[in-house]
Amino acid sequence: MAAAFLENGQARTLWLSGVHRRSATKADAKILAGQDLDYSLDPFDDQSFYRSAARSRNAALEVTVGVSPKASRVWLSKANSIEGFAASAALLINAVAAAKQGTAEPFRFLATPVQALDPAQVKGG
């Protein structure tokens with residue numbers, strides 16, 4: 001979903017959840033809003049947050065798309081008609097079909113989930 005909808009775009013809204021230990025001095029979650037939030041992320045403060053959802057203006061699709069990877073959801077604005085809904089659905093399906101495997105998390109400085117863990121590679125300490 002990130003490769004299809006978030007790469008080559010300007011992040012307008014980010015919903016972030018923390019992976020750090022709960023503390024009175026650091027938020028558990030936060031929401032950022034702006035023009036292009038990749039430039040607003042702080043490499044020190046935000047490295048213990050992961051993206052739970054994002055809304056980005058996709059340059060290739062020329063629409064603003066919302067993505068929630070954990071819930072496997074994608075959204076656009078409300079359609080005014082069934083024809084508009086069908087056109088939006090086709091746009092999203094075509095974008096997924098055309099997407100190549102993403103290289104990495106589209107937002108630098110954020111934590112990323114581990115896809116697989118090989119127990120043989122874990123070393124005690």
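Everything quoted here is computed from the prediction, not taken from an experiment.
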(message) Could you work out, with side-chain contact (heavy atoms from CB on, under 4.5 Å) as the rule, every residue matching Phe44, not counting sequence neighbours?
(response) Asp42
(request) Kindly write out the residues that satisfy side-chain contact (heavy atoms from CB on, under 4.5 Å) with Ser40, not counting sequence neighbours, or none if the list is empty. (result) Leu37
Side-chain donor-acceptor distances from residues 82-98 under 3.5 Å, at least two apart:
residue : atom : partner : partner atom : Å
Glu83   : OE1  : Ser81   : OG           : 3.4
Ser88   : OG   : Gly84   : O            : 3.1
Asn94   : ND2  : Ala90   : O            : 3.2

(message) Filter on side chain to side chain donor-acceptor pair (under 3.5 Å), then keep only pairs touching residues 24-34, sequence neighbours left out; what's left?
(response) Arg22-Asp28, Ser23-Thr25, Lys26-Ser48, Lys30-Asp46
(message) Please find the pair of heavy atoms, one from Thr64 and one from Leu76, that lie closest to each other, and give the distance.
(response) O-CD2, 3.4 Å
(request) Specify the closest pair of heavy atoms between Ser52 and Ser17, including all atoms of both residues, with the distance to one decimal. (result) OG-OG, 3.5 Å
(message) Starting from Ile31 and following side-chain heavy-atom contacts under 4.5 Å between hydrophobic residues (I, L, V, M, F, W, Y), which residues can be reached?
(response) Trp15, Trp75
